[in-house]
Asker: 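The structure that follows is given in the form of C-alpha coordinates.
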Number of protein chains: 2
Amino acid sequence: MFLSTSHNKIDLKCRVSIPASFRVNLEKSNEKLILFKSLQFKCIEGTTSTRMKTYVNAIDELDALSDEAFILRMMMADSFEIKFDINGRVVIPEILMNFAKLNDKAVFMGIGESFYIWSPTEYEYQYTKSQEILKAKGPPKLILKKKIE
Amino acid sequence: MFLSTSHNKIDLKCRVSIPASFRVNLEKSNEKLILFKSLQFKCIEGTTSTRMKTYVNAIDELDALSDEAFILRMMMADSFEIKFDINGRVVIPEILMNFAKLNDKAVFMGIGESFYIWSPTEYEYQYTKSQEILKAKGPPKLILKKKIE
DNA sequence: TGGGATAGCATGGGATTTCATGGTAGTCAA
DNA sequence: TTGACTACCATGAAATCCCATGCTATCCCA
(Lines give C-alpha, C1' and ligand atoms only; values in the text may rest on other atoms or scores of the structure.)
Protein backbone atom coordinates (compact mmCIF):
# COMPACT_ATOMS: atom_id res chain seq x y z
CA MET A 1 0.00 0.00 0.00
CA PHE A 2 1.07 3.53 -0.74
CA LEU A 3 0.58 5.80 2.27
CA SER A 4 1.70 9.21 3.56
CA THR A 5 2.79 12.39 1.84
CA SER A 6 6.20 13.80 0.93
CA HIS A 7 7.59 16.81 -0.89
CA ASN A 8 10.52 16.16 -3.23
CA LYS A 9 12.52 18.26 -5.62
CA ILE A 10 12.41 17.88 -9.40
CA ASP A 11 15.76 18.73 -11.00
CA LEU A 12 16.52 20.21 -14.40
CA LYS A 13 16.46 16.79 -16.03
CA CYS A 14 12.95 16.20 -14.69
CA ARG A 15 14.30 13.66 -12.24
CA VAL A 16 12.68 13.12 -8.89
CA SER A 17 13.17 10.67 -6.04
CA ILE A 18 10.24 8.38 -5.48
CA PRO A 19 9.70 8.23 -1.69
CA ALA A 20 11.60 5.27 -0.28
CA SER A 21 8.50 3.67 1.22
CA PHE A 22 6.77 3.65 -2.18
CA ARG A 23 9.83 2.08 -3.76
CA VAL A 24 10.07 -0.64 -1.12
CA ASN A 25 6.42 -1.34 -1.72
CA LEU A 26 7.04 -1.88 -5.43
CA GLU A 27 10.21 -3.91 -4.96
CA LYS A 28 8.66 -6.25 -2.43
CA SER A 29 5.88 -7.21 -4.78
CA ASN A 30 8.23 -7.20 -7.78
CA GLU A 31 6.08 -4.63 -9.53
CA LYS A 32 6.95 -2.14 -12.20
CA LEU A 33 5.90 1.46 -11.80
CA ILE A 34 3.40 3.02 -14.19
CA LEU A 35 2.75 6.76 -14.30
CA PHE A 36 -0.28 8.18 -16.09
CA LYS A 37 -2.54 11.20 -16.35
CA SER A 38 -5.20 11.10 -13.68
CA LEU A 39 -8.67 10.93 -15.18
CA GLN A 40 -10.06 12.99 -12.32
CA PHE A 41 -7.50 15.60 -11.35
CA LYS A 42 -4.73 17.68 -12.84
CA CYS A 43 -2.11 15.38 -11.39
CA ILE A 44 -0.06 12.32 -12.23
CA GLU A 45 -1.14 8.99 -10.87
CA GLY A 46 1.31 6.19 -10.11
CA THR A 47 0.45 2.55 -9.76
CA THR A 48 1.70 -0.99 -10.32
CA SER A 49 1.86 -2.73 -13.69
CA THR A 50 -0.44 -5.46 -12.38
CA ARG A 51 -3.11 -2.95 -11.58
CA MET A 52 -2.70 -1.33 -14.97
CA LYS A 53 -3.19 -4.74 -16.59
CA THR A 54 -6.58 -5.08 -14.95
CA TYR A 55 -7.62 -1.91 -16.78
CA VAL A 56 -6.22 -3.29 -20.05
CA ASN A 57 -8.18 -6.51 -19.61
CA ALA A 58 -11.29 -4.51 -18.88
CA ILE A 59 -11.04 -2.95 -22.34
CA ASP A 60 -11.60 -6.32 -24.00
CA GLU A 61 -14.64 -6.97 -21.88
CA LEU A 62 -16.31 -3.70 -22.79
CA ASP A 63 -18.13 -2.99 -26.01
CA ALA A 64 -15.25 -2.08 -28.30
CA LEU A 65 -17.19 0.89 -29.68
CA SER A 66 -18.22 2.30 -26.31
CA ASP A 67 -17.03 5.60 -24.90
CA GLU A 68 -15.63 3.80 -21.88
CA ALA A 69 -13.38 1.59 -24.00
CA PHE A 70 -12.30 4.67 -25.94
CA ILE A 71 -11.37 6.55 -22.78
CA LEU A 72 -9.50 3.58 -21.35
CA ARG A 73 -7.46 3.20 -24.53
CA MET A 74 -6.56 6.88 -24.44
CA MET A 75 -5.57 6.43 -20.83
CA MET A 76 -3.09 3.72 -21.89
CA ALA A 77 -1.69 6.08 -24.49
CA ASP A 78 -0.98 8.56 -21.70
CA SER A 79 0.67 5.94 -19.48
CA PHE A 80 4.37 5.25 -19.12
CA GLU A 81 6.34 2.38 -17.69
CA ILE A 82 8.98 4.08 -15.58
CA LYS A 83 12.46 2.86 -14.69
CA PHE A 84 14.36 3.75 -11.55
CA ASP A 85 17.97 4.82 -11.52
CA ILE A 86 20.31 3.31 -8.96
CA ASN A 87 19.27 5.88 -6.36
CA GLY A 88 15.56 5.37 -6.71
CA ARG A 89 14.91 8.31 -8.97
CA VAL A 90 12.71 8.43 -12.06
CA VAL A 91 12.44 10.79 -14.98
CA ILE A 92 8.97 12.25 -15.37
CA PRO A 93 7.96 12.33 -19.06
CA GLU A 94 7.48 15.83 -20.42
CA ILE A 95 3.84 15.18 -21.31
CA LEU A 96 3.08 14.38 -17.69
CA MET A 97 5.12 17.32 -16.38
CA ASN A 98 3.01 19.66 -18.49
CA PHE A 99 -0.27 17.98 -17.70
CA ALA A 100 0.24 18.27 -13.94
CA LYS A 101 1.87 21.70 -14.28
CA LEU A 102 4.96 20.44 -12.49
CA ASN A 103 8.05 22.55 -12.27
CA ASP A 104 10.66 22.09 -9.54
CA LYS A 105 8.66 20.55 -6.73
CA ALA A 106 6.46 17.47 -6.49
CA VAL A 107 4.12 16.37 -3.75
CA PHE A 108 3.75 12.60 -3.44
CA MET A 109 0.51 11.50 -1.87
CA GLY A 110 -0.09 7.83 -1.14
CA ILE A 111 -3.73 6.82 -1.48
CA GLY A 112 -3.57 3.06 -0.99
CA GLU A 113 -3.46 1.13 -4.25
CA SER A 114 -1.87 4.05 -6.05
CA PHE A 115 -0.41 7.48 -5.43
CA TYR A 116 -0.73 11.01 -6.77
CA ILE A 117 1.99 13.43 -7.82
CA TRP A 118 0.80 17.04 -7.49
CA SER A 119 2.28 20.43 -8.07
CA PRO A 120 2.51 22.18 -4.66
CA THR A 121 -0.14 24.72 -5.72
CA GLU A 122 -2.63 22.14 -6.88
CA TYR A 123 -1.95 20.01 -3.83
CA GLU A 124 -2.68 22.90 -1.48
CA TYR A 125 -5.86 23.65 -3.34
CA GLN A 126 -7.15 20.08 -3.24
CA TYR A 127 -6.10 19.59 0.36
CA THR A 128 -7.89 22.73 1.53
CA LYS A 129 -10.94 21.69 -0.43
CA SER A 130 -11.01 18.29 1.24
CA GLN A 131 -10.79 19.91 4.67
CA GLU A 132 -13.70 22.17 3.87
CA ILE A 133 -15.83 19.26 2.73
CA LEU A 134 -14.89 17.36 5.85
CA LYS A 135 -15.96 20.30 7.99
CA ALA A 136 -19.22 20.71 6.17
CA LYS A 137 -20.24 17.08 5.72
CA GLY A 138 -18.37 15.23 8.42
CA PRO A 139 -16.31 12.10 7.82
CA PRO A 140 -17.45 9.67 5.10
CA LYS A 141 -19.74 6.95 6.36
CA LEU A 142 -17.66 4.32 4.65
CA ILE A 143 -14.75 4.92 6.97
CA LEU A 144 -16.82 4.92 10.13
CA LYS A 145 -18.45 1.66 9.17
CA LYS A 146 -15.15 -0.06 8.53
CA LYS A 147 -13.75 1.07 11.85
CA ILE A 148 -16.64 -0.38 13.79
CA GLU A 149 -16.44 -3.79 12.16
CA MET B 1 1.59 -4.17 -22.70
CA PHE B 2 1.90 -1.37 -25.21
CA LEU B 3 1.81 1.98 -23.41
CA SER B 4 2.51 5.66 -24.12
CA THR B 5 2.56 7.76 -27.24
CA SER B 6 5.37 8.82 -29.57
CA HIS B 7 5.74 10.78 -32.77
CA ASN B 8 8.15 9.34 -35.33
CA LYS B 9 9.17 10.27 -38.82
CA ILE B 10 8.36 8.24 -41.91
CA ASP B 11 11.08 8.54 -44.55
CA LEU B 12 10.82 8.39 -48.33
CA LYS B 13 11.09 4.61 -48.30
CA CYS B 14 8.11 4.40 -45.93
CA ARG B 15 10.42 3.33 -43.16
CA VAL B 16 9.62 4.24 -39.58
CA SER B 17 11.11 3.39 -36.19
CA ILE B 18 8.83 1.38 -33.97
CA PRO B 19 9.15 2.94 -30.49
CA ALA B 20 11.80 1.08 -28.53
CA SER B 21 9.45 0.15 -25.71
CA PHE B 22 7.07 -1.53 -28.17
CA ARG B 23 9.94 -3.46 -29.71
CA VAL B 24 11.19 -4.62 -26.32
CA ASN B 25 7.68 -5.74 -25.52
CA LEU B 26 7.57 -7.87 -28.66
CA GLU B 27 11.06 -9.27 -28.23
CA LYS B 28 10.51 -10.24 -24.61
CA SER B 29 7.52 -12.33 -25.44
CA ASN B 30 9.12 -13.58 -28.66
CA GLU B 31 6.26 -12.24 -30.71
CA LYS B 32 6.06 -11.20 -34.31
CA LEU B 33 4.51 -7.89 -35.27
CA ILE B 34 1.31 -7.78 -37.29
CA LEU B 35 -0.04 -4.60 -38.85
CA PHE B 36 -3.59 -4.30 -40.16
CA LYS B 37 -6.36 -1.83 -40.92
CA SER B 38 -8.24 -0.81 -37.83
CA LEU B 39 -11.87 -1.91 -37.95
CA GLN B 40 -12.92 1.17 -36.05
CA PHE B 41 -10.73 4.08 -37.10
CA LYS B 42 -8.80 5.39 -40.08
CA CYS B 43 -5.55 4.14 -38.62
CA ILE B 44 -3.24 1.15 -38.62
CA GLU B 45 -3.38 -1.24 -35.74
CA GLY B 46 -0.36 -3.23 -34.61
CA THR B 47 -0.40 -6.26 -32.42
CA THR B 48 1.29 -9.57 -31.65
CA SER B 49 0.92 -12.68 -33.79
CA THR B 50 -0.57 -14.46 -30.79
CA ARG B 51 -3.35 -11.95 -30.42
CA MET B 52 -4.00 -12.08 -34.15
CA LYS B 53 -4.48 -15.83 -33.81
CA THR B 54 -7.26 -15.24 -31.30
CA TYR B 55 -9.06 -13.25 -34.00
CA VAL B 56 -8.58 -16.11 -36.44
CA ASN B 57 -9.96 -18.58 -33.95
CA ALA B 58 -12.90 -16.30 -33.35
CA ILE B 59 -13.92 -16.75 -37.00
CA ASP B 60 -14.31 -20.48 -36.50
CA GLU B 61 -16.67 -19.92 -33.66
CA LEU B 62 -18.88 -17.58 -35.61
CA ASP B 63 -21.47 -18.59 -38.13
CA ALA B 64 -19.38 -18.94 -41.28
CA LEU B 65 -21.91 -16.98 -43.30
CA SER B 66 -22.37 -14.17 -40.81
CA ASP B 67 -21.38 -10.59 -41.42
CA GLU B 68 -18.95 -10.72 -38.51
CA ALA B 69 -17.08 -13.67 -40.01
CA PHE B 70 -16.97 -11.87 -43.36
CA ILE B 71 -15.51 -8.74 -41.79
CA LEU B 72 -12.90 -10.68 -39.84
CA ARG B 73 -11.78 -12.55 -42.96
CA MET B 74 -11.38 -9.27 -44.79
CA MET B 75 -9.33 -7.99 -41.91
CA MET B 76 -6.98 -10.97 -42.24
CA ALA B 77 -6.59 -10.24 -45.93
CA ASP B 78 -5.29 -6.76 -45.15
CA SER B 79 -2.92 -7.90 -42.42
CA PHE B 80 0.83 -8.01 -42.75
CA GLU B 81 3.54 -9.73 -40.80
CA ILE B 82 6.24 -7.10 -40.51
CA LYS B 83 10.00 -7.54 -40.22
CA PHE B 84 12.34 -5.18 -38.43
CA ASP B 85 15.63 -3.94 -39.80
CA ILE B 86 18.69 -3.95 -37.55
CA ASN B 87 17.75 -0.58 -36.05
CA GLY B 88 14.18 -1.46 -35.20
CA ARG B 89 12.57 0.09 -38.23
CA VAL B 90 9.82 -1.35 -40.38
CA VAL B 91 8.49 -0.59 -43.85
CA ILE B 92 4.81 0.24 -43.82
CA PRO B 93 2.96 -1.43 -46.71
CA GLU B 94 1.54 1.02 -49.22
CA ILE B 95 -2.03 -0.20 -48.69
CA LEU B 96 -1.80 0.69 -45.03
CA MET B 97 -0.08 4.02 -45.71
CA ASN B 98 -3.00 5.01 -47.93
CA PHE B 99 -5.67 3.66 -45.62
CA ALA B 100 -4.39 5.69 -42.66
CA LYS B 101 -3.52 8.68 -44.86
CA LEU B 102 0.05 8.59 -43.65
CA ASN B 103 2.66 10.80 -45.15
CA ASP B 104 5.84 11.81 -43.35
CA LYS B 105 4.82 11.57 -39.70
CA ALA B 106 3.35 8.76 -37.63
CA VAL B 107 1.91 8.85 -34.16
CA PHE B 108 2.32 5.60 -32.23
CA MET B 109 -0.23 5.15 -29.52
CA GLY B 110 -0.05 2.22 -27.11
CA ILE B 111 -3.45 0.99 -25.98
CA GLY B 112 -2.55 -2.09 -23.95
CA GLU B 113 -2.78 -5.29 -25.98
CA SER B 114 -2.11 -3.45 -29.22
CA PHE B 115 -1.20 -0.05 -30.62
CA TYR B 116 -2.45 2.43 -33.20
CA ILE B 117 -0.50 4.27 -35.87
CA TRP B 118 -2.20 7.55 -36.75
CA SER B 119 -1.54 10.45 -39.05
CA PRO B 120 -0.90 13.51 -36.84
CA THR B 121 -4.13 15.16 -37.98
CA GLU B 122 -6.32 12.17 -37.24
CA TYR B 123 -4.55 11.65 -33.94
CA GLU B 124 -5.22 15.22 -32.84
CA TYR B 125 -8.85 14.86 -33.77
CA GLN B 126 -9.39 11.62 -31.88
CA TYR B 127 -7.44 12.73 -28.84
CA THR B 128 -9.39 15.95 -28.53
CA LYS B 129 -12.58 13.98 -28.91
CA SER B 130 -11.61 11.67 -26.07
CA GLN B 131 -10.91 14.61 -23.79
CA GLU B 132 -14.31 16.04 -24.57
CA ILE B 133 -16.04 12.77 -23.78
CA LEU B 134 -14.06 12.48 -20.56
CA LYS B 135 -15.12 15.97 -19.57
CA ALA B 136 -18.75 15.35 -20.37
CA LYS B 137 -19.15 11.86 -18.97
CA GLY B 138 -16.39 11.58 -16.39
CA PRO B 139 -14.08 8.61 -15.95
CA PRO B 140 -15.35 5.05 -16.55
CA LYS B 141 -17.10 3.47 -13.57
CA LEU B 142 -14.41 0.84 -13.41
CA ILE B 143 -11.80 3.38 -12.39
CA LEU B 144 -13.91 4.94 -9.69
CA LYS B 145 -14.87 1.58 -8.27
CA LYS B 146 -11.31 0.36 -7.98
CA LYS B 147 -10.27 3.43 -6.09
CA ILE B 148 -12.56 2.80 -3.17
CA GLU B 149 -11.50 -0.81 -2.63
C1' DT C 1 20.30 11.23 28.33
C1' DG C 2 23.47 13.19 25.21
C1' DG C 3 26.69 13.06 21.54
C1' DG C 4 29.18 10.95 18.01
C1' DA C 5 29.11 7.26 14.47
C1' DT C 6 26.52 5.12 10.76
C1' DA C 7 23.36 4.03 7.35
C1' DG C 8 19.80 5.50 4.30
C1' DC C 9 17.95 8.93 1.49
C1' DA C 10 17.57 12.95 -1.64
C1' DT C 11 20.12 15.52 -4.98
C1' DG C 12 23.97 17.16 -8.45
C1' DG C 13 26.82 16.22 -12.36
C1' DG C 14 29.29 13.80 -15.91
C1' DA C 15 30.22 9.53 -18.66
C1' DT C 16 28.06 6.15 -21.47
C1' DT C 17 24.59 3.93 -24.08
C1' DT C 18 20.53 3.85 -26.70
C1' DC C 19 17.53 5.53 -30.07
C1' DA C 20 15.71 7.68 -34.16
C1' DT C 21 17.00 8.72 -38.59
C1' DG C 22 19.89 9.47 -42.92
C1' DG C 23 22.49 7.04 -46.07
C1' DT C 24 24.82 3.25 -48.93
C1' DA C 25 25.85 -1.23 -50.64
C1' DG C 26 24.17 -5.60 -51.90
C1' DT C 27 20.45 -8.76 -53.87
C1' DC C 28 16.87 -10.44 -56.59
C1' DA C 29 13.63 -10.22 -60.26
C1' DA C 30 11.93 -8.40 -64.44
C1' DT D 1 20.76 -3.59 -66.68
C1' DT D 2 17.56 -1.22 -64.19
C1' DG D 3 14.51 -0.66 -60.51
C1' DA D 4 12.79 -2.01 -56.17
C1' DC D 5 13.62 -3.99 -51.94
C1' DT D 6 16.46 -5.45 -48.08
C1' DA D 7 20.29 -5.55 -45.00
C1' DC D 8 23.69 -3.09 -42.72
C1' DC D 9 26.70 1.24 -41.41
C1' DA D 10 27.02 6.20 -39.61
C1' DT D 11 25.71 10.09 -36.81
C1' DG D 12 23.76 13.45 -33.58
C1' DA D 13 20.63 14.01 -30.00
C1' DA D 14 18.55 12.34 -26.09
C1' DA D 15 17.87 9.19 -22.44
C1' DT D 16 20.10 6.38 -19.01
C1' DC D 17 23.46 4.85 -15.88
C1' DC D 18 26.50 5.41 -12.17
C1' DC D 19 29.68 8.01 -9.07
C1' DA D 20 29.93 11.66 -5.66
C1' DT D 21 28.06 14.61 -1.98
C1' DG D 22 25.52 16.42 1.77
C1' DC D 23 21.69 16.01 4.79
C1' DT D 24 18.83 13.64 8.15
C1' DA D 25 17.27 10.17 10.96
C1' DT D 26 18.63 6.21 13.53
C1' DC D 27 21.56 3.64 16.47
C1' DC D 28 24.75 2.69 20.00
C1' DC D 29 27.67 3.45 23.67
C1' DA D 30 29.27 6.27 27.31
Side-chain angles (χ1 to χ4, degrees), chain A residues 2-28 32-35 44 46 49 77-98 102-110 115-120 123, chain B residues 2-28 32-35 44 46 80-98 102-110 115-120 123:
Chain A
F2 301 105
L3 294 176
S4 88
T5 303
S6 61
H7 300 242
N8 289 351
K9 187 176 182 190
I10 303 174
D11 70 15
L12 295 173
K13 295 180 183 177
C14 297
R15 290 183 304 185
V16 64
S17 280
I18 302 289
S21 66
F22 291 8
R23 240 181 294 149
V24 171
N25 188 19
L26 290 164
E27 279 161 15
K28 263 190 190 164
K32 285 178 180 168
L33 173 61
I34 311 283
L35 295 183
I44 302 173
S49 45
D78 284 331
S79 301
F80 301 81
E81 189 185 309
I82 303 287
K83 281 179 187 161
F84 289 91
D85 75 3
I86 208 171
N87 297 319
R89 263 180 312 193
V90 302
V91 176
I92 301 181
E94 206 184 338
I95 295 177
L96 297 182
M97 287 286 289
N98 294 338
L102 291 174
N103 191 2
D104 60 340
K105 302 256 176 187
V107 183
F108 288 82
M109 190 177 135
F115 61 87
Y116 293 141
I117 309 177
W118 301 94
S119 74
Y123 170 75
Chain B
F2 298 104
L3 296 178
S4 87
T5 303
S6 61
H7 301 242
N8 289 352
K9 189 174 181 192
I10 304 174
D11 70 13
L12 295 172
K13 298 179 184 175
C14 296
R15 291 184 304 183
V16 65
S17 280
I18 302 289
S21 65
F22 292 8
R23 243 180 293 149
V24 170
N25 189 19
L26 290 165
E27 279 161 16
K28 263 190 190 164
K32 285 176 180 169
L33 173 61
I34 312 285
L35 295 183
I44 303 173
F80 302 83
E81 189 185 309
I82 303 288
K83 280 180 187 162
F84 289 90
D85 77 2
I86 206 170
N87 297 318
R89 264 181 309 196
V90 303
V91 176
I92 301 181
E94 208 183 337
I95 295 179
L96 298 181
M97 286 286 288
N98 293 337
L102 291 175
N103 189 3
D104 61 339
K105 302 255 177 186
V107 183
F108 289 81
M109 189 177 131
F115 62 86
Y116 293 142
I117 309 176
W118 302 95
S119 73
Y123 166 76

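On a predicted model such as this, the values are computed, not experimentally measured, just so you know. Proteins get letters first, then strands, A, B, ... in listed order; numbering begins at 1 in each.
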Asker: Shortest non-hydrogen contact from B:Val107 to B:Pro120?
Answerer: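 Looks like CG2-CA, 3.9 Å.
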
Asker: Without decimals, in angstroms, what is the distance between B:Asp85 CG and C:dT24 P?
Answerer: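 That distance rounds to 16 Å.
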
Asker: Could you walk me through whether A:Phe108 and A:His7 pass ring pair (Phe, Tyr, Trp, His ring centres under 6.0 Å), step by step?
Answerer: CA-CA 6 Å; A:Phe108 288 82; A:His7 300 242; 9.6 Å; no

Asker: Provide, to the nearest angstrom, the distance between the CZ atom belonging to A:Phe80 and the C1' atom belonging to D:dA15.
Answerer: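 Taking atom C1' of D:dA15 as the reference, CZ of A:Phe80 is at 14 Å.
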
Asker: Enter the inter-axis angle for the ends of the helix from C:dT1-D:dA30 to C:dA30-D:dT1 (five pairs per end, rounded to 10°).
Answerer: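 Axis-to-axis angle, ends of the helix: 40°.
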
Asker: Using a cut-off of strictly less than 4.0 Å between a heavy atom of the residue and any atom of DNA chain C, enumerate the qualifying residues of residues 2-17 of chain A by number.
Answerer: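 When residues 2-17 of chain A is checked for heavy atoms under 4.0 Å from DNA chain C, the hits, listed by number, are A:Asn8, A:Lys9, A:Asp11, A:Lys13, A:Arg15, A:Ser17.
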
Asker: Considering non-hydrogen atoms only, spot the tightest contact between A:Ser79 and A:Ile34 and give its length.
Answerer: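 That closest heavy-atom pairing would be CB-CG2, 4.1 Å.
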
Asker: Whole angstrom is fine here: how far is it from CG in B:Asn87 over to C1' in C:dT24?
Answerer: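 About 13 Å, once rounded to whole Å.
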
Asker: Under a 3.5 Å distance rule, please check whether B:Asp85 uses its side chain to pair with a backbone N or O of B:Asn87 as donor and acceptor.
Answerer: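 Side chain of B:Asp85 to backbone of B:Asn87, a donor-acceptor pair under 3.5 Å: yes, one is there.
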
Asker: Which nucleotide wins on minimum distance to the side chain of B:Arg89, given the candidates D:dC19, C:dC19, D:dC9?
Answerer: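 Shortest atom-to-atom distance from the side chain points to D:dC9.
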
Asker: Which atoms form the tightest heavy-atom contact between B:Ile10 and B:Met97, and what is the distance?
Answerer: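 Distance-wise, the nearest heavy atoms are CG2-CE, 4.2 Å.
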
Asker: Considering only distance and modelled atom types, tabulate donor-acceptor pairs under 3.5 Å from the side chains of residues 14-21 of chain A, sequence neighbours left out.
Answerer:
residue : atom : partner : partner atom : Å
A:Arg15 : NE   : A:Asp11 : OD2          : 2.9
A:Arg15 : NH2  : A:Asp11 : OD2          : 3.1

Asker: Given 3.5 Å as the limit, does a donor-acceptor pair link the side chain of B:Ser119 with the main chain of B:Leu102, or not?
Answerer: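 No, because the side chain of B:Ser119 does not come within donor-acceptor range (under 3.5 Å) of the backbone of B:Leu102.
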
Asker: Is the phosphate of C:dA20, meaning OP1 or OP2, less than 4.0 Å from a side-chain N or O of B:Arg23?
Answerer: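 Yes, such a contact exists.
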
Asker: Considering the options A:Ile95, A:Asp78, A:Ile92, which one meets the side-chain contact (heavy atoms from CB on, under 4.5 Å) requirement together with A:Ile44?
Answerer: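 Looking at A:Ile95, A:Asp78, A:Ile92, the match for A:Ile44 under the side-chain contact (heavy atoms from CB on, under 4.5 Å) is A:Ile92.
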
Asker: Expressed in angstrom and rounded to an integer, what is the separation of A:Lys83 atom NZ from C:dT17 atom P?
Answerer: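 From A:Lys83 NZ to C:dT17 P: 16 Å.
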
Asker: Once you measure the plane-to-plane angle for B:Phe22 and B:Phe115, does it fall in the parallel (<30°), tilted (30-60°) or perpendicular (>60°) bin?
Answerer: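 If you compare the ring of B:Phe22 with that of B:Phe115, the planes turn out tilted.
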
Asker: In whole Å, I'd like the distance from the CD1 atom of A:Ile92 to the C1' atom of C:dA10.
Answerer: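 It is 14 Å, rounded to the nearest whole Å.
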
Asker: Return the value, rounded to whole Å, for the distance between atom CZ of A:Phe84 and atom P of C:dC9.
Answerer: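 Value for this atom pair: 13 Å.
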
Asker: Expressed as a whole number of angstroms, how long is the span from B:Ile82:CD1 to D:dA7:P?
Answerer: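 Spelled out: CD1 on B:Ile82 to P on D:dA7 is 12 Å.
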
Asker: Nearest-Å distance, CD1 (A:Ile86) to P (D:dT21)?
Answerer: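 Value for this atom pair: 16 Å.
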
